[in-house]
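Sequence lines set the chain letters: A, B, ... in the order given, protein chains first and strands last, and positions in each chain run from 1. Treat the numbers as computed from the prediction; the structure is a model and nothing was measured.
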There are 2 protein chains.
Amino acid sequence: MSIPHYKQLHQLLKQQILTGTFQEGALLPSENELCATHHITRATVRQALDELVKEKLIYKHRGKGSVVSPRRKSLGLLSFKGFSEVVGASHTPVNTEILHKPTIQPWPEDFFYPLSEREIEVGCIYLERLRFADNHPVMLEYTYIPTIDLSGFLEYNLGKDSLFETLHVHYNLDIINVEQDIRAIVADKNTTDQLGLMTGAPVLHIYRRYGTNRTDFYIYSSLYCNTTHYALSNSFDS
Amino acid sequence: MSIPHYKQLHQLLKQQILTGTFQEGALLPSENELCATHHITRATVRQALDELVKEKLIYKHRGKGSVVSPRRKSLGLLSFKGFSEVVGASHTPVNTEILHKPTIQPWPEDFFYPLSEREIEVGCIYLERLRFADNHPVMLEYTYIPTIDLSGFLEYNLGKDSLFETLHVHYNLDIINVEQDIRAIVADKNTTDQLGLMTGAPVLHIYRRYGTNRTDFYIYSSLYCNTTHYALSNSFDS
DNA sequence: GAGTGGTCTAGACCACCTG
DNA sequence: AGGTGGTCTAGACCACTCG
């Protein structure tokens, strides 16, 4: 038995939560029940549950049990806030239009992040999307994904915000980390056209690198945001 | 004994790390040693150490021991990257000039975040700082701190980046969370003057709200950044 | 009162690292 | 070989929640 019991139990429960065997707000089996059904002690069960708490997949109530958390929404990586609502307001719905369908191609010259040899070798999947908040274009997004073990990717439909969802479901690829460089610049012609701005308007420009649960596998994005009416909003801990 | 043993040990070790009793890179006493000196079992010791690991104050090496982590640098909340270095480069040194010393005053009208009644009642400490990277002004910062249990604060010298350091050392106040709204705007006259920019130059504008280990105690900042030569850079997990 | 998670004890064996 | 952290057992008592 090379894989520790607590990790096995953690994986099992995680799958059951993600696949809906345990719904949001539902109670997990109690620690004592899990002890009995898996023939392990409570310390081991608690170790597994601690992992789930750390991942915010569950939270615990003394005297009640372990409750499945509401599905977290996109980490605040891509949320917009109305100019006036500022805080606590409901987020406006975001739609997405694909300007350039995912295609395999070489990396651009002078790419904005240094790439590993392996990344350069395999090339990348490139796609271009335009995001709308409240039916106004707010963000132009260029995304680059290394073509590593992603067979069949081009066939999936990325209609909505489903890029990360697709990667998660089909390739077990999760985003665990984001690094970003942010600047305010004067938009060029193509950008002003796409975002419906005047010449010379200021836009937010962001280079992003997403880290994943595969070591040395990163996803890159270059973003241009019209922040005239909506602010780009995010929050983070620690 | 109302406070659990593992929390007591956690607090003790945390203090000893933060006050330098255990230096960066040093080994903590082994788990068995801690068991002996504190007359508790290993499970309890490990619970305390797990907390420290979660806070990234230590990391563990099997067969070696528990090592004190390098002091983390300001959470990437305020780091700038040279335009060309982009990633992995050493950060340029940041200096700070105080434009307006901390003074107690009422909150501005139409403050950028909704305030609680208690916050409005007590007023705020207001200060204004200008940050330099490589001797160029890059960021104009307006900060508002509710005047709650901060007696003596005005006497401390905030010469450098020491605002959060001061709050931690003297008031045991830690930043645990940041929420920010980011926009690209055209700088007004005062901002261009302070940041040494041309009229009409785009600047990054950020509203920030810092959450702390005191519930319902927030610190607010409004930031204007010149990103012509340096990008505002941050990274976050999960 | 019965069940839940929170804390804790007193052991054990293992894989890993260093002298 | 001896010490370190990683995993695990088999108990125990407590505070809390709910019917």
When you measure from the side-chain N and O atoms of [X] to the phosphate of [N], is any distance below 4.0 Å, counting only OP1 and OP2?
X: A:Ser30; N: C:dG3; answer: no
X: A:Tyr6; N: D:dT7; answer: yes
X: A:Ser66; N: C:dG5; answer: yes
X: B:Thr44; N: C:dT7; answer: no

Mind calculating the distance between [atom1] ([X]) and [atom2] ([N]) to the nearest angstrom?
X: B:Arg46; N: D:dC8; atom1: CZ; atom2: P; value: 11 Å
X: B:Leu28; N: D:dT4; atom1: CG; atom2: C1'; value: 13 Å
X: A:His5; N: D:dT9; atom1: NE2; atom2: C1'; value: 11 Å
X: A:Lys7; N: D:dG6; atom1: NZ; atom2: P; value: 10 Å
X: A:His10; N: D:dT7; atom1: NE2; atom2: C1'; value: 16 Å
X: B:Ile3; N: C:dC8; atom1: CD1; atom2: C1'; value: 17 Å
X: A:His61; N: D:dC16; atom1: NE2; atom2: C1'; value: 11 Å
X: A:Ile58; N: C:dG5; atom1: CD1; atom2: C1'; value: 11 Å

Look at the side chain of B:Glu31 and decide which nucleotide, out of C:dT7, D:dG6, C:dT9, has an atom nearest to it.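 Selected nucleotide: D:dG6.
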B:Pro4, nearest nucleotide to its side chain (from D:dT7, C:dC8, D:dG6): C:dC8
Mutual orientation of the aromatic rings belonging to A:Phe153 and A:Tyr171 [parallel < 30°, tilted 30-60°, perpendicular > 60°]: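 Tilted, since the angle between the ring planes falls between 30° and 60°.
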Tell me, do [X] and [Y] make a side-chain contact under 4.5 Å, heavy atoms counted?
X: A:Val122; Y: A:Arg118; answer: yes
X: B:Leu49; Y: B:Leu13; answer: yes
X: A:Tyr210; Y: A:Tyr218; answer: no

For the pair A:Thr44 (side chain) and A:Ile40 (backbone), establish whether a donor and an acceptor sit closer than 3.5 Å, ignoring hydrogens and angles. no
Is the side chain of A:His10 donor-acceptor paired with the backbone N or O of A:Tyr6 at a distance under 3.5 Å, no angle test? no
Any chance the rings of A:Tyr220 and A:Tyr142 have centres within less than 6.0 Å? no
Close aromatic pair by centroid cut-off 6.0 Å: B:Tyr144 and B:Phe111: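 Yes, close enough.
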Under the salt bridge (Lys or Arg N to Asp or Glu O under 4.0 Å) test, which residues partner A:Arg42, sequence neighbours left out? A:Glu31
Looking at residues 32-40 of chain B, who's got a heavy atom less than 4.0 Å off DNA chain C?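 Those residues are B:His39, B:Ile40.
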Quick one, give me the B/S/- string for nucleotides 10-19 of chain C, reading 5' to 3', where B means a protein heavy atom under 4.0 Å from the base and S means that only happens at the primed atoms, P, OP1 or OP2. B-B--BBSS-
